[in-house]
**Student:** 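Please read through the structure below; I'll follow up with questions.
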Amino acid sequence: MDEQKVLSIKGLLDDTPEEYLSHKEKYENSIRKSVLFYKTLHSTEDENMSVDEKTKLNFRNIVTSAIFKDNSPFMLHNSMFIPTIMGQGTDEQREYWMKRAKNMEIIGTYAQTELGHGTFIRGLETQATYDPDTEEFVLHSPVLSSYKWWPGGLAHTANYCIVMARLYIKGKSHGIHPFMVQIRDEETHMPLPGIKLGEIGAKLGFNTVNNGFLGFENHRISRDRMLMKNAQVLKDGTFVAGSNSKLTYGTMVYVRVLIVSNMANMLAKAVTIALRYSAIRRQSQPKPDEPEPQILDYVTQQHKLFIAIASSHAFYMNAMWLWEIYYSVSLQLASGKLDNLPELHALACCLKPLSTIDATAMIEKCRLACGGHGYMLSANLAQTYGLATAAYTYEGENTVLLLQAARSLVKAWVGHVKGRPLKGTMAYLAGDSTVKAWDGSIDGIIQSFKVVAIRKISSVVKILQDYEKSGLSPEDAWNKASVFLTAASEAHGRAVLLSVYKSEMDKRAAVLSPPLRKVLLQLVDLYVTYWALEKVGDMLLYASITDKDVDELQRRYIELLAAIRPNAVGLVDAFDFRDEILNSTLGAYDGRAYERLMEEAMKSPLNAEPVNQTFHKYLKPFMRGKL
Ligand SMILES: CCCCCCCCCCC/C=C/C(=O)SCCNC(=O)CCNC(=O)[C@H](O)C(C)(C)COP(=O)(O)OP(=O)(O)OC[C@H]1O[C@@H](n2cnc3c(N)ncnc32)[C@H](O)[C@@H]1OP(=O)(O)O
Ligand SMILES: Cc1cc2nc3c(=O)[nH]c(=O)nc-3n(C[C@H](O)[C@H](O)[C@H](O)COP(=O)(O)OP(=O)(O)OC[C@H]3O[C@@H](n4cnc5c(N)ncnc54)[C@H](O)[C@@H]3O)c2cc1C
């Protein structure tokens, strides 16, 4: 990625801090920057790229688009509109729409969620009724709850969107399908007749993504606007179903994998800021007559931050591994082979939640580790948190996705008990789940996490079966056991994250210089030890850990923090974020945090004059008892 080229774009970087712009100005400024940015450096995925090139491009797009303190109103164009055309369009539709979309002749978004439904896709109410007389679909929003609500860029930016709507033919519903809909005139940008558009209002974050609402009043589109790769409607209204109705959900799987990469990047940004600040901040005097130490030398500070470095590495390694699986399954789907889709879906339903849960918590911990200055918007930690925490919800709310993963794990376990072979990332469930003695090695701990997952899955299946034996319906039994179903999914996800991080690092270790290998493997060791201590209850219950073993783990953890300390700054420098991308008074490479804090403070409009007009208007009369 040519950051220099991007950052040299005149006007891309803000003179006025975004914090002091109005809601409307923030959006307008973000459009200005997005146009500059995309004119200079933007390439989208090309179908004949190698997996490695695609992976690098995805990661590159994430990093480059990190230039914005918030996200770009073009975000959905790249992350969902284009992937949906690629994944859901026929060859002819791809040919036409990809050219226009890649050249930014049109700007699109992905409109699935409605005011009344986000998780329950089968409950979506937007109607697409086929009219065989005119060979058109009539799009209609029958009730307020059917208005599309949330899609990024929908409010004022996009002029096209993929609308996920319920297909009706001759009064019969044929499920949810994707439709390419022009929503604004390409010349005037006015909403087309029968289309209501607007912005949903200020949010915790994402305030320049231009999330909008969309309502239809019997708006007609031609038949060829239904993306018909996975299902078709013939001219006479005959519906031709696809091989698997869930192929329509393909874009969501893609984005869930993308989110894992994005969490690696977001967490890397936050820990770079917090750790560099911790290296320059000196505070307190534990030893009389000695200078105040760097707060990075407090072990509690190391405990807060070093796990974030290791977690960013872990998410990155897992993301690259998952991209390989994604692209391999996508190629199989293209040739009609569907049997590996459920495993990819289950993996994405584990890793997206766990990476967003951990990243969100650790980014907040990075902010808290910076004390008062971490609370400043100019530190760019609060905004980073705001962007990350959104991913807990979007692209499949985490609880719902963990329950989806549980659905696959329960099926796999029940099948295993009946003698059906387990495969892929669930094969370990067939392993021995009795641990006679604690094995404190890295591989031993990872094996213990697998045992925890096996035991949690088997025990929640027993709970489900007992509930059903007691007369509960499968649905009621499922709901009753759902807390422990999500716990079983989390345990599976934890085992995957740990084992993939370790195995991917082992693959790379061979080509690393000995000093680099040592440091990176220390981070693997720290990550595994940290999680063994975090989940010590599970280890006690299922992995025969004793209090002596825990004591040993604690001592090892402390030693690892000390071992990593000399390389800590180098490890975040290695993320190689330029100051303009960190966009933080605390995280700049030169360490001049105090000067930058003051520089940013002086940009506050309130500092333009020594006495604010409210003194004479309100305060003085008030203090003189005259109000
Ligand atoms: C700085 C730049 C960084 C970029 C980073 C990315 C940024 C992207 C920005 C994104 C902005 C946000 C966009 C959005 O949020 S788009 C909307 C996303 N919405 C969702 O994800 C909705 C979640 N809900 C669902 O997925 C389903 O409805 C759910 C499966 C949860 C519930 O389905 P339901 O209970 O109705 O059950 P079903 O019968 O429909 O389905 C269950 C069976 O279907 C299989 N299944 C489900 N989903 C999938 C899938 N996606 N792929 C494959 N298979 C799927 C599931 O396994 C079940 O199969 P079985 O019946 O065989 O068990
Ligand atoms: C910043 C942001 C950007 C977004 N961008 C887009 C976009 O571009 N395009 C788009 O289409 N959508 C977008 N969304 C919407 C997003 O996809 C939905 O918010 C998400 O799918 C969750 O659905 P929901 O909001 O209806 O929450 P709900 O599904 O109503 O969830 C609310 C609560 O109910 C629980 N719950 C729901 N169903 C179940 C269940 N079956 N079992 C157990 N618990 C359940 C959930 O766990 C959660 O605690 C965006 C959302 C955000 C926050």
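In each ligand, atom 1 is the first atom listed, and ligand 1 is the first ligand listed. In this text the structure is predicted, and so the values were computed from the model without any measurement. We're numbering straight along the sequence, starting at 1.
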**Student:** Give me the nearest non-hydrogen protein atom to atom 11 (O) of ligand 2 as residue plus atom name, then the distance to 0.1 Å.
**Tutor:**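 Going atom by atom, the protein heavy atom closest to atom 11 (O) of ligand 2 ends up being Thr113 N, 2.8 Å.
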**Student:** Give me the ring orientation class for Phe213 and Trp149: parallel if the planes are under 30° apart, tilted from 30 to 60°, perpendicular past 60°.
**Tutor:** parallel
**Student:** Using only heavy-atom distances, determine whether the side chains of Gln404 and Ser408 contain a donor-acceptor pair under 3.5 Å.
**Tutor:**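 Distance-only check fails for Gln404 and Ser408.
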**Student:** Under 3.5 Å, N or O to N or O, is Gly118 touching ligand 2 that way?
**Tutor:** yes
**Student:** To which protein heavy atom is atom 19 (O) of ligand 2 closest, and what is the distance rounded to 0.1 Å?
**Tutor:**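 For atom 19 (O) of ligand 2, the nearest protein heavy atom is Thr393 CG2, 3.6 Å.
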**Student:** Side chains of Leu351 and Leu497: does their closest heavy-atom pair fall under 4.5 Å?
**Tutor:**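 Side chain of Leu351 against side chain of Leu497, heavy atoms only: contact under 4.5 Å found.
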**Student:** Heavy-atom distances under 4.0 Å decide this one: backbone, side chain, both or neither, for Met75 against ligand 1?
**Tutor:**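 The answer is the side chain.
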**Student:** Indicate whether the side chain of Thr126 and that of Glu114 have a donor and an acceptor atom separated by less than 3.5 Å.
**Tutor:**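 Side chains of Thr126 and Glu114: pair found under 3.5 Å.
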**Student:** For Ala481, give me all partners under side chain to side chain contact (heavy atoms under 4.5 Å, CB included), at least two apart in sequence or on another chain.
**Tutor:**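 In terms of side chain to side chain contact (heavy atoms under 4.5 Å, CB included), with neighbours along the sequence ignored, Ala481 is linked to Val460, Ile463, Leu464, Tyr467, Leu485.
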**Student:** Hey, does Tyr394 come in under 3.5 Å of ligand 1, counting only N/O atoms on both sides?
**Tutor:** no
**Student:** Is the contact between Asn211 and ligand 2 made by the side chain, the backbone, both, or neither, using heavy atoms and a 4.0 Å cut-off?
**Tutor:** side chain
**Student:** Could you tell me, atom by atom, which parts of ligand 2 come under 4.0 Å of a heavy atom of Leu403?
**Tutor:** 42 (N), 43 (C)
**Student:** Heavy-atom distance from atom 17 (O) of ligand 2 to the protein below 4.0 Å?
**Tutor:** yes
**Student:** Checking contacts here: is it the side chain or the backbone of Val209 that comes within 4.0 Å of ligand 2, counting heavy atoms only? Could be both or neither.
**Tutor:** neither
**Student:** Going by the order shown, which atoms of ligand 2 are within less than 4.0 Å of some heavy atom of Ala390?
**Tutor:** 1 (C)
**Student:** Report yes if some N/O of Arg122 lies less than 3.5 Å from some N/O of ligand 1; otherwise report no.
**Tutor:**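 Yes - when backbone and side-chain N and O of Arg122 are compared with those of ligand 1, one distance drops under 3.5 Å.
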**Student:** Verify the neighbour count for atom NZ of Lys196: are there more than 12 heavy atoms of other residues, nucleotides or ligands below 6.0 Å?
**Tutor:**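 For Lys196, atom NZ is crowded (more than 12 foreign heavy atoms under 6.0 Å).
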**Student:** Ligand 2 and Tyr394, any nitrogen or oxygen pair closer than 3.5 angstrom?
**Tutor:**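 No, since none of the N or O atoms of Tyr394 sits under 3.5 Å from an N or O of ligand 2.
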**Student:** Give yes if a backbone or side-chain nitrogen or oxygen of Phe206 is under 3.5 Å from a nitrogen or oxygen of ligand 2, and no if not.
**Tutor:**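 There is no such contact.
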**Student:** Can you check whether Thr109 has an N/O within less than 3.5 Å of an N/O in ligand 2?
**Tutor:**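 For ligand 2, there is no N or O atom that lies under 3.5 Å from one belonging to Thr109.
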**Student:** Give yes if a backbone or side-chain nitrogen or oxygen of Ser79 is under 3.5 Å from a nitrogen or oxygen of ligand 1, and no if not.
**Tutor:** no
**Student:** Which one holds for Leu76 and ligand 2: side chain close, backbone close, both close, or neither close, with close meaning a heavy atom under 4.0 Å?
**Tutor:**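 Side chain only.
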**Student:** Evaluate Gln112 for polar contact with ligand 2, using N/O atom pairs at a separation under 3.5 Å.
**Tutor:**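 It does: an N or O of Gln112 is found under 3.5 Å from an N or O of ligand 2.
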**Student:** Does any N or O atom in Val253 lie less than 3.5 angstrom from one in ligand 1, N or O only?
**Tutor:** no
**Student:** Provide, to 0.1 Å, the distance between atom 39 (C) of ligand 2 and the closest protein heavy atom, together with that atom's residue and name.
**Tutor:**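 Residue, atom and distance for the closest contact: Val400 CG2, 3.6 Å.
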**Student:** Parallel, tilted or perpendicular, judged at 30° and 60°: which one describes the rings of Phe577 and Phe575?
**Tutor:** tilted
**Student:** In this structure, is the centre-to-centre distance between the rings of His492 and Tyr428 below 6.0 Å?
**Tutor:** yes
**Student:** Could you tell me whether atom 21 (O) of ligand 2 has a protein heavy atom closer than 4.0 Å?
**Tutor:**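 Given the 4.0 Å limit, the answer for atom 21 (O) of ligand 2 is yes, a protein heavy atom qualifies.
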**Student:** For atom 43 (C) of ligand 2, is the nearest protein heavy atom closer than 4.0 Å?
**Tutor:** yes
**Student:** Of the choices Glu397, Met164, Gln404, which has the non-hydrogen atom that lies closest to atom 47 (O) of ligand 2?
**Tutor:**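 Selected option, by shortest heavy-atom distance: Glu397.
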**Student:** Please work out whether the ring planes of His117 and Phe120 are parallel, tilted or perpendicular, with thresholds of 30° and 60°.
**Tutor:**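 It falls in the tilted class, 30° to 60°.
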**Student:** Could you tell me the residue and atom name of the protein heavy atom closest to atom 5 (N) of ligand 2, and the distance to it rounded to 0.1 Å?
**Tutor:** Trp150 O, 3.7 Å
**Student:** Atom 9 (N) of ligand 2: which protein heavy atom is closest, and how many Å away?
**Tutor:** Tyr110 O, 3.0 Å
**Student:** Protein heavy atom under 4.0 angstrom of atom 30 (O) of ligand 2, is there one?
**Tutor:**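 Within 4.0 Å of atom 30 (O) of ligand 2, no protein heavy atoms are found.
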**Student:** Quick one: does Gly123 get within less than 4.0 Å of ligand 1, heavy atoms only?
**Tutor:**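 No heavy atom of Gly123 comes that close to ligand 1.
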**Student:** Any chance the rings of His177 and Phe137 have centres within less than 6.0 Å?
**Tutor:** no
**Student:** Mark the output for Glu397 as yes if a heavy-atom distance to ligand 1 is under 4.0 Å, and as no if none is.
**Tutor:**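 Per 4.0 Å heavy-atom rule, Glu397 does not contact ligand 1.
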**Student:** Is ligand 1 under 4.0 Å from a heavy atom in the side chain of His345, in the backbone, in both, or in neither?
**Tutor:** side chain
**Student:** Does the pair Thr157 and Asn210 meet the rule for a side chain to side chain donor-acceptor pair (under 3.5 Å), with working shown?
**Tutor:** CA-CA 7 Å; Thr157 313; Asn210 198 228; 2.9 Å; yes
**Student:** So, are Arg494 and Glu490 salt-bridged, with charged N and O less than 4.0 Å apart?
**Tutor:**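 Salt bridge present between Arg494 and Glu490.
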**Student:** Could you tell me whether Asn71 and ligand 1 have an N or O pair separated by under 3.5 Å?
**Tutor:** no
**Student:** Using only heavy-atom distances, determine whether the side chains of Ser355 and Asn318 contain a donor-acceptor pair under 3.5 Å.
**Tutor:**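 There is no such pair between these side chains.
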**Student:** Counting only non-hydrogen atoms of the protein, does one fall under 4.0 Å from atom 13 (C) of ligand 2?
**Tutor:**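 Yes.
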**Student:** Can you tell me which residue among Leu403, Asn398, Leu401, Val400 is in a side-chain contact (heavy atoms from CB on, under 4.5 Å) with Thr486?
**Tutor:**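 By the side-chain contact (heavy atoms from CB on, under 4.5 Å) criterion, Thr486 pairs with just one of Leu403, Asn398, Leu401, Val400: Leu403.
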**Student:** Can you confirm, on distance only, whether ligand 1 has an N/O atom lying under 3.5 Å from any N/O atom belonging to Tyr110?
**Tutor:**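 In fact, backbone or side chain, Tyr110 has no N or O that close.
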**Student:** Can the ring centres of Trp150 and Tyr394 be said to be less than 6.0 Å apart?
**Tutor:**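 Not close enough - the centres of the two rings lie 6.0 Å or further apart.
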**Student:** For atom 25 (O) of ligand 2, is the nearest protein heavy atom under 4.0 Å away?
**Tutor:**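 Not a single protein heavy atom is under 4.0 Å away.
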**Student:** Tell me if the aromatic rings of Tyr254 and Trp323 count as close, with their centers under 6.0 Å from one another.
**Tutor:** yes
**Student:** Using a 4.0 Å heavy-atom threshold (strictly under), name the region of Arg256 that reaches ligand 1: side chain, backbone, both or neither.
**Tutor:** side chain
**Student:** State whether the shortest distance between N or O atoms of Asn262 and N or O atoms of ligand 1 falls below 3.5 angstrom.
**Tutor:** no
**Student:** Please work out whether the ring planes of Tyr27 and His156 are parallel, tilted or perpendicular, with thresholds of 30° and 60°.
**Tutor:**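 Aromatic pair Tyr27/His156 classed tilted.
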